[in-house]
Amino acid sequence: MRRLIQRKMAAAHSGTLRDHNNELETTMLPSIKSVFVAFTEEGRSEHSSALAYAMSLSQQAGAHLTLQAASMRYGVPGSLVGAFGAELINRENRRISELADAFADKARGRADLAGVTCMIETPSLIYANLCDRLLAHARVHDVSILDLEKDPVQRDRGLIEAALFDSGRPVVIVPPGCEQFSAKRILIAWDGGTSAARTVGDAMPFLREADEVEILTVSGEKDLSSSLGGTDLAPHLARHGIKVTVRNVALTQPDVASEIRQAAGAFGADLVVCGAYKHSRLREWLLGGVTQSLLRDSTLPMLMSH
């Protein structure tokens, strides 16, 4: 009888610990209340690391998740392709829409298993309308999560750039294989500019909960003499209770993006915080840019805003 009572007391204590641990897990990021993730089906049944990452973030933060599982419609006037061509296009649009619906059903099941409150929509839209719909959602959420698209001419890359430069909200861009949210060690790429300052402000919910934060400043490519460096940003972050260190390096890699990637690896970062910079398409084609280079080769999730 005594052993039975002891076992019941131990089970009750274990249950209390599990409840306490669950409570800790869902209050890790108390100021993140709404997360938006977008997936665009183009007919290839792609896998989305961003969805898994967003699910993990929502679970840890106890946040509401909104998923836009869209299908990209082909919008070609029937007068240009004829009746036969129009039927082929309609058939392909239906096929893509069905794939998006199947993706949404799987996501709904995963959310239920994870205990994540999730709202899912499956619009079937042409690119311009899809972009507008994505921006509308992004503007009413704390953060948006998108899959990395390395090819700058792909339509998904255009959606990323629209979210970065036109949503007014932070975006986390997730490379393939990064499916578990973690922000214990965060690298801030800092140049003292407006976009960097905006991004640091947007990243504060994550920075406050990080174990360690490193501020990286790379000199040698642009004039930073009129900007305050990482040693000036550090006290501001420390006042928020953030454990922060500063690292200043001279440019030795081919470009600043390569320095950021190398520093992130050396620091053991699991999230990079970096301002997004927009140049003319001609300048980016001729000279490249930090944002474009990071989007092309990143292996870590990046929180960016503009």
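Because the structure is predicted, anything quoted here is derived from the model rather than measured.
Follow the hydrophobic side-chain contacts under 4.5 Å out from W190 and you reach M204 in the same cluster. Side-chain heavy atoms closer than 4.5 Å link hydrophobic residues (I, L, V, M, F, W, Y) into clusters, and following such links, even through other members, never connects M119 to F36. V290 and L251 fall within a single hydrophobic cluster, where Ile, Leu, Val, Met, Phe, Trp and Tyr are joined by side-chain heavy atoms under 4.5 Å apart, directly or via other members.
Contact check for C274 versus L294: side-chain heavy atoms found under the 4.5 Å cut-off. L187 is not listed as a side-chain neighbour of L300, based on a closest heavy-atom distance of 4.5 Å or more. Looking only at side-chain heavy atoms (C-beta outward), T40 and L134 stay at 4.5 Å or farther from each other. Taking the side chain as every heavy atom from C-beta outward, L233 and V244 never approach each other to under 4.5 Å. With contacts defined as side-chain heavy-atom distances shorter than 4.5 Å, the pair V256/D191 does not qualify. A 4.5 Å side-chain heavy-atom check between F39 and L51 finds every atom pair outside the cut-off. Side-chain contact between P301 and D270: absent, with no pair of heavy atoms (C-beta onward) separated by less than 4.5 Å.
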Requested in this report: Check the pair T231 / T217 against side-chain contact (heavy atoms from CB on, under 4.5 Å), numbers first and verdict last.
Outcome: CA-CA 10 Å; T231 53; T217 300; over 6 Å; no
Query raised in the report: Checking side-chain contact (heavy atoms from CB on, under 4.5 Å) for the pair V272/I260: CA distance, chi angles, key distance, verdict?
Result: CA-CA 9 Å; V272 174; I260 293 172; 4.1 Å; yes
Requested in this report: Begin with the C-alpha distance, continue with both residues' side-chain angles, and end with the deciding distance and a verdict on side-chain contact (heavy atoms from CB on, under 4.5 Å) for S182 and L271.
Outcome: CA-CA 7 Å; S182 179; L271 180 66; over 6 Å; no
Query raised in the report: What do the steps show when you test S293 against R261 for side-chain contact (heavy atoms from CB on, under 4.5 Å), and what is the final call?
Result: CA-CA 10 Å; S293 182; R261 284 191 290 271; 3.8 Å; yes
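Residues satisfying the side chain to side chain donor-acceptor pair (under 3.5 Å) criterion with T199, sequence neighbours excluded, are S305. Legend: residues meeting side-chain contact (heavy atoms from CB on, under 4.5 Å) with R133, ordered by chain and number and at least two apart, are Q68, E121, L125, H137. Residues satisfying the side-chain contact (heavy atoms from CB on, under 4.5 Å) criterion with S56, sequence neighbours excluded, are Q60, Q180, F181. Partners of E92 under the salt bridge (charged side-chain N to carboxylate O under 4.0 Å, His left out) rule, at least two apart in sequence or in another chain, are R95. Residues passing the side-chain contact (heavy atoms from CB on, under 4.5 Å) test with S195, sequence neighbours excluded: Y277, H306. Under the rule for a side-chain contact (heavy atoms from CB on, under 4.5 Å), the partners of A54 that lie at least two apart in sequence or sit in another chain are V35, V37, L65, I145. Remark: R185 pairs with E212 by the side chain to side chain donor-acceptor pair (under 3.5 Å) rule, at least two apart or across chains. Residues satisfying the side chain to side chain donor-acceptor pair (under 3.5 Å) criterion with S144, sequence neighbours excluded, are absent altogether. Shown here are the salt bridge (charged side-chain N to carboxylate O under 4.0 Å, His left out) partners of R198, two or more places apart in sequence or in another chain: D202. Applying the salt bridge (charged side-chain N to carboxylate O under 4.0 Å, His left out) criterion to R94, with sequence neighbours excluded, gives E87.
A distance-only check finds a donor-acceptor pair linking the side chain of S49 to the backbone of G177 [under 3.5 Å]. Counting only distance, with no hydrogens or angles, the side chain of E259 and the backbone of Q253 share a donor-acceptor pair below 3.5 Å. Side-chain N or O atoms of D142 include one that pairs as donor or acceptor with a backbone N or O of K33 at under 3.5 Å.
Residue pairs that meet the ring-ring contact (aromatic ring centres under 6.0 Å, His included) test with at least one member in residues 238-271, sequence neighbours left out, are H236-H240.
Nearest approach of C178 to T299, heavy atoms of both residues: SG-O, 3.6 Å. Pairing each heavy atom of S124 with each of R73, the nearest pair is OG-CG, 2.8 Å. The two atoms that bring I160 and D147 nearest to each other are CD1-O, 3.2 Å, heavy atoms only.
Note that the CD1 atom of I215 and the CZ atom of R247 stand 13.5 Å from one another [nearest 0.5 Å]. Rounding to the nearest 0.5 angstrom, the gap separating the CG atom in L303 from the CD1 atom in I173 is 9.0 Å. Considering CG of L295 and CG of L164, their distance stands at 6.5 Å, rounded to 0.5 Å. Within the model, atoms CD1 of I242 and CZ of R208 stand 6.5 Å from one another, a figure rounded to the nearest 0.5 Å. The structure places CG of L29 at 10.5 Å from OG of S58, a figure rounded to the nearest 0.5 Å.
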Please tabulate, for the side chains in residues 97-117, all donor-acceptor contacts under 3.5 angstrom to protein atoms that are two or more places apart in sequence or on a different chain.
| from | atom 1 | to | atom 2 | distance (Å) |
| --- | --- | --- | --- | --- |
| D101 | OD1 | T122 | OG1 | 3.4 |
| D105 | OD1 | R108 | NH1 | 3.0 |

